[in-house]
Amino acid sequence: MPELPEVETTRAGLEPLLVGRRVTAVSVRERRLRQPVPARLAATLDGQRLRAIERRAKYLLFRFETGTLLGHLGMSGSMRVVARGEEVRKHDHVDLDFGARRVLRYHDPRRFGLLLWQRGDAPHPLLHALGPEPLGADFDGAVLHAQARGRKIAVKPFLMDAKVVVGVGNIYASEALFRAGIRPGRAAGRLTRPDCDRLADAVRAVLGAAVARGGTTLRDFVGGDGEPGYFAQELAVYGREGAPCRTCGSAVQARVLGQRSTFWCPRCQPR
DNA sequence: CTCCGATCCTGATGGC
DNA sequence: TGCCATCAGGATCGGA
């Protein structure tokens, strides 16, 4: 479910409610996520002050005094702050209690997410091979062009490769390609430098706009404050097969590419 | 190396 | 109404 804008929305929603507070209790109701929740998590976190919440790619980094809790929301995860005593719903797997009205609740029906503990200051191995942050200074058309060189993979799954650029998932890959006027099935290696410049700009623009709207809620995503995101109404092509393109009126096309649904406008994305 | 398909899991949806 | 197939915002793994 969550791509960079949804993870960043989660981070920004949690931060003012939790940073500076101490963990007073930890409750793990289900530890079978993509990897098991560490058995000693409660003992590790109890009494520790949360110093910061950061984001790298689609990971959330909860910085504590003796290490970092690494979180990932997978396809269906969400985190929000609830009051102590709020009714526990199905798939509310983990609570971190920071106070009476400050319980961080992790919810994830499909359990593709992660909660892992990394002691000390070293970055977690899962973060090691990640590419540049799309909204950071070291991502641009030149980087994209260099990465794409010689590659036959379609540009859409190429954009979703975290070694190329992080944070771009299935929704925003289609949206960025629409904004750049590039067909999703085009081989990455055939992109020109100007194509890559437009594409990098489009990735930044669409992610930035989505962050500003609090992300995209298709089904049940909520940010750290429990509110849905409002970018869905601004999606140009994702989920709009057969509907008229908002720019030119042509019917939006869809096909499966790299096992993922892919959407584009045949007229606005000529090649 | 690159690329593709299968896989983990549960829930929603649509066809019959 | 029930049953079944398909699809879903991610990421990893193995084989070609």
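Protein chains get the first letters and strands the later ones, always in sequence-line order, with residue 1 at the start of each.
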Just wondering, more than 12 heavy atoms not from Arg213(A) lying within 6.0 Å of its CZ? no
Between protein and nucleic acid, restricted to nucleotides 11-14 of chain C and to nitrogen or oxygen atoms under 3.5 Å apart, what atom pairs and distances do you find?
residue, atom, partner, partner atom, Å
dA11(C), OP1, His72(A), NE2, 2.6
dA11(C), OP2, Lys58(A), NZ, 2.8

Ignoring hydrogens and geometry, is there a side-chain-to-backbone donor-acceptor pair from Arg11(A) to Gly13(A) under 3.5 Å? no
I'd like to know if the side chain of Gln253(A) reaches the main chain of Glu241(A), judged simply by a donor and an acceptor atom lying under 3.5 Å from each other, with no hydrogens or angles considered. no
Just call it for Tyr238(A): base, sugar-phosphate, or nothing, with non-hydrogen atoms closer than 4.0 Å on any strand. sugar-phosphate
Please say yes or no: joined through hydrophobic side-chain contacts below 4.5 Å, possibly via intermediate residues, are Val155(A) and Val252(A) part of one cluster? yes
Would a distance-only check, ignoring hydrogens and angles, find a side-chain to backbone donor-acceptor pair under 3.5 Å from Thr24(A) to Asp97(A)? yes
Would you indicate whether Arg49(A), at its atom CZ, is surrounded by more than 12 heavy atoms from other residues, nucleotides or ligands within a distance under 6.0 Å? yes
Can you find a donor-acceptor N/O pair under 3.5 angstrom joining the side chain of Arg110(A) to the base of dC9(B)? yes
In whole Å, what separates the P atom of dT6(C) from that of dA6(B)? 13 Å
Closest contact, heavy atoms only, Gln147(A) versus Val164(A): OE1-CG2, 4.1 Å
Under 4.0 angstrom, heavy atoms only, what part of the nucleic acid is Lys163(A) near: base, sugar-phosphate, or nothing? nothing
OP1 or OP2 of dC9(B) versus the side-chain N and O atoms of Arg32(A): is any pair under 4.0 Å? no
Check whether the aromatic ring of Phe221(A) stacks on the base of dG9(C), taking stacking as ring centres less than 5.5 Å apart and planes within 30° of each other. no
Say you draw a straight line from CG of Asp92(A) to NE2 of His107(A); how long is it, rounded to the nearest 0.5 Å? 6.0 Å
Close N or O pairs between protein and nucleotides 2-4 of chain B (under 3.5 Å):
residue, atom, partner, partner atom, Å
dC3(B), OP1, Lys152(A), N, 2.4
dC3(B), OP1, Ile153(A), N, 2.8
dC3(B), OP2, Arg151(A), NE, 2.7
dC3(B), OP2, Arg151(A), NH2, 2.7

Short side-chain N/O contact from His91(A) to OP1 or OP2 of dG11(B), under 4.0 Å: yes
Any donor-acceptor pair under 3.5 Å linking the side chain of Glu6(A) with the backbone of Gly215(A)? no
Rounded interatomic separation in angstrom, taking CZ from Phe263(A) and P from dC7(C): 11 Å
Dot-bracket encoding per residue of DNA chain C, Watson-Crick/G-U cut-off under 3.5 Å, | denoting interstrand: .|||||||.|||||||
Identified side chain to side chain donor-acceptor pair (under 3.5 Å) partner of Asp195(A) from the options Arg190(A), Arg186(A), His145(A): Arg186(A)
Counting only heavy atoms not in Arg84(A), do more than 12 sit closer than 6.0 Å to its CZ atom? yes
